[in-house]
Amino acid sequence: MTSESTATRYNVKETESKWQKRWDETGCFNVEIDPEKPKYYVLEMFPYPSGRIHMGHVRNYTMGDVVARYKRAQGFNVLHPMGWDAFGMPAENAAMEQGVHPGKWTYENIATMRSQLCKMGLALDWSRELATCHPGYYQNEQKMFLKFLEHDLVYRRRSWVNWDPVDNTVLANEQVIDGLGWRSGAAVERRELDQWFFRITDFSEELLEDLKQLERWPAKVRVMQENWIGRSEGMKVWFGLEGRDDRLQVFTTRHDTIFGATFCAISADHPLSSELAEGDADLTAFIEECRAIGTTEAALEKAEKRGYDTGLRARHPLIEGKTIPVFVANFVLMEYGTGAIYGCPAHDQRDLDFARKYDLDVIPVVIPADANPDEFEVADLAYTDDGVHANSEFINGLDLADAKEAVAVAIENVDIGQREINYRLRDWGVSRQRYWGCPIPIINCKDCGTVPAPEDDLPICLPDDIDFDQPGNPIDRHPTWKNVDCPKCGAAAERETDTLDTFVESSWYFSRFCSPRANEPVDTAAIEYWMPVDQYIGGIEHAILHLLYARFFTRAMKKCGYLDIAEPFEGLFTQGMVCHETYRSDDGEWLQPTQIESGSNGVLKRVEDGSPVQVGRSEKMSKSKKNVVDPEDIIATYGADTARWFMLSDSPPERDLKWTDAGIAGSWRFVNKLWRLVAENAHNEKMAEPSLFNKDLRAVRQQVHQTINGVTQDLEGFHFNRSVARIYELVNTLSNMKSVDAAEQWVLREGLETMVQLINPMMPHLAEELWQQLGNETPLFETRWPQADKSLMVQETVTIAVQIKGKLKATIELAHDVDQETAEATALAEPAVAAALEGKTVNRIIYVPNKIINVVHG
RNA sequence: GCCCGCUUGGCGGAAUUGGUAGACGCAACGGACUUAAAAUCCGUUGUCCGUAAGGGCGUGCCGGUUCGAGUCCGGCAGCGGGCACCA
């Protein structure tokens, strides 16, 4: 680079660190409660400290920062904090693989990532930084756990888990791949363990119902949560059992088909199954088989419907004298409904498959409206549509809804069942047999059972001296940690060695950010002022679990009196992923983008030896496919502003963004273009507004004010790519301006200052620097958002399209809001229009002011 | 299987309540400046016919509503996502 070009080139490094230092020193983004100002709480999903930030983080935090800076300029008291979702398995994996303590590993990663985030120039209140693995955080989680216990929001029960017999550990469902442990490769077993659960199902209806209020959530996320909660209305019905005193309770949502019931089926885990299995070796074996399959989804999908005839017969509740067989079936789930069903093969595909296999009756009881009841038959496809009931006594002829109602009334009248609403949602199991998590503050006593740890004992800290040289839970192996006296009876007892699911920490961190150093989980004044989060931003992958747990947890906290809101996130935005092309060598090895270069003919090849490269489709950046670009490299080369600008350009934020070298280079060119544009014109002194502007200048001012208006609306609506396009257009106009006379210079300055203010949320370092160059002493972070002058936005003349029968024939230039007569006359006088209408009768003319004239002829 | 969403040039994408399709960016091509390169600037770029003027066709496909459809309605296809023995 020559000395001449350094003068006209933007010194990114110097400028960015200068402004970062300035923001840091003034503490301008550290906020306090200010009752005089409206608050705005913007939050991006906090990161897991995995080691280094990736492009997904850059995109996420750039969006949040745009909102934060924009809202701040609008006069809001903006809370924009950052923290670390710091518990979790990767730290333990690192401990096992590298022998480094999970805490050390985590805090080192945090230090690295914090410094990387600082280089992005984010308007964050770092004074509120928190890490969930810090006792200051998790002791409050322990307090709340105890409070939840008091309010019956937590309970313990035996529950099945995926057990890896080699690693001696419990596996999450996603760690079981094809029935094998992801790490050990051992066949996973089902085991029953005592586990802690949060009563999220107490809130099923509320969590479902309140989704409707979340108007600023993506519809997609609401639908996903709705399906996950899975409300269904049905009935519980008792079936008597021949030769026994007890009855079998089944759940159904199609009680209208009860006259078509030809068998009952119960889960292998049903108490009746266990009872019957005693002394029945075949049934015992069958139950074992069901359980063996029961762990993986893939296996479930392929498993055929199988059953075991218990020999028991159930009495049909509405047909006197009719009995049907009772099977144990592998497709009935104990966790849903009552763990027992009746089968109506004609109208349920699963039941039909089962009936065909075991040669059970298939009785159609609902038939299409136009079908003949005597002839209608069900072959291999169950009839599940609405229709007319038949073979069904008192509901014959009724449609589905009426038949359901009639059956419900009949069953309730004889007191053999009642209407019931069921949910797919299960209680949230939070026990993890792991070290790097929040210890559950419970003491297990032989005599007193589970005893809450005394609050004075909190925090119950994790032991530091642990080792990972053998499989299993190191906290459980620790020689002394768990030994403690029972707080109730004083006898020797043991601490709970399970830790909490890490989703618990992320279920309330946003509340903690309001008062991150408070002695209690939350400070009432702070939480009342700041909550709820006005805008939450994060990945769609958290659409269900994290967001549902957080909604539950907030309600649970409300029940315990910690806060007084139900919904934590008023607005939610889910951003798309950052993708990149994938590259492979001829022998199939994945290659990093840095290993690729473009040859002279434009064909990609390997840098090291020029060998050919297979270009794959663009996919989410991932280490395994090596299609990652390190944000640190990009920021070091082009600066944070360029990276931020590229993140916001082109792709709408909710869609995937394709990272390209050409794209980042384009942003870099734009940064330099702005720099030059301002540098060339900054010498123009500020002066008084001229009283007159010529037409061209009026048009420029119009665009300036339209851009303010448009960018403002776009930022409000999360259309960052549209803002970017508008700013490009404005810059194109400004750079084409001549600035010879005073009026021109004044308008150019107005345009440049406006433009600089508008780019500030997106490229804050450059904006501050240019703002200063333009002679402003007050920094942008203390400057209000520009106001569009509506009177200047109105166009003096408009271009109107002239159509004939909807086809464009000409465009005409007319004064804004011109009357219809003038417009029509001008349109018809247009040569192309006149020619096309020659010899034709005009039937009708449609005039939409300032937009279009459509001439309809015969 | 069920539920959602998407489909616009070579590419990413624009297009208020139905009203000039392709803004803006990228890529490509042509040119200027330069000893040369980089950088920068100017121009062209949906497609087909035509030397041109001009015209035809164009928003996944088929049909409908309308003076007018990328936009609304019905059907179909393709792609993506979520859930999945939930009785």
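Since this is a predicted model, take the numbers as computed values, not measurements. The sequence lines fix the lettering, A, B, ..., with proteins before strands; numbering per chain opens at 1.
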Requested in this report: Report the distance from atom CD of A:Glu226 to atom CZ of A:Arg222, rounding to the nearest 0.5 Å.
Outcome: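 Separation between the atoms: 9.0 Å.
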Pair up each side-chain donor or acceptor in residues 659-671 of chain A with any protein partner under 3.5 Å, not counting sequence neighbours, and list the distances.
residue: A:Thr660; atom: OG1; partner: A:Gly663; partner atom: N; Å: 2.9
residue: A:Ser667; atom: OG; partner: A:Gly663; partner atom: O; Å: 3.4

Listed by chain and number, what are the salt bridge (charged side-chain N to carboxylate O under 4.0 Å, His left out) partners of [X], not counting sequence neighbours?
{"X": "A:Lys357", "answer": "A:Glu304"}
{"X": "A:Arg419", "answer": "A:Glu405, A:Glu412"}
{"X": "A:Arg551", "answer": "A:Glu567"}

Query raised in the report: So which of residues 228-237 of chain A are in contact with RNA chain B, with a heavy-atom cut-off of under 4.0 Å?
Result: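 Heavy-atom contacts with RNA chain B come from A:Trp228, A:Ser232.
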Requested in this report: Strictly below 4.0 Å, heavy-atom distances to any atom of RNA chain B: list the hits from residues 247-263 of chain A, or just say none.
Outcome: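 Those residues are A:Phe251, A:Thr252, A:Thr253, A:Arg254.
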Atom pairs and distances, side-chain donor-acceptor, residues 648-657 of chain A, under 3.5 Å, sequence neighbours left out:
residue: A:Ser649; atom: OG; partner: A:Trp645; partner atom: O; Å: 2.6
residue: A:Asp656; atom: OD1; partner: A:Met577; partner atom: N; Å: 2.9

Requested in this report: Any chance you could list the contact pattern along nucleotides 19-32 of chain B? Use B for base contacts, S for sugar-phosphate-only contacts and - for none, protein heavy atoms under 4.0 Å, 5' to 3'.
Outcome: BB--BSSSS-----
Query raised in the report: Taking only residues two or more places apart in sequence, or in another chain, which ones meet A:Ala346 in a side-chain contact (heavy atoms from CB on, under 4.5 Å)?
Result: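 In terms of side-chain contact (heavy atoms from CB on, under 4.5 Å), with neighbours along the sequence ignored, A:Ala346 is linked to A:Val362, A:Pro364, A:Val378.
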Under 3.5 Å, sequence neighbours excluded: what are the donor-acceptor pairs made by side chains of residues 804-816 of chain A?
residue: A:Glu813; atom: OE1; partner: A:Thr799; partner atom: OG1; Å: 3.1
residue: A:Glu813; atom: OE2; partner: A:Thr797; partner atom: OG1; Å: 2.9

Report summary line: Here RNA chain B, pairs taken as Watson-Crick or G-U under 3.5 Å and shown with ( ), [ ] when crossing and | when to another strand, reads (((((((..(((......[....))).(((((.......))))).((((....))))..(((((..]....))))))))))))....
Requested in this report: State which residues pass side chain to side chain donor-acceptor pair (under 3.5 Å) with A:His389; sequence neighbours excluded, sorted by chain then number.
Outcome: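 Listed in chain order: A:Asp256.
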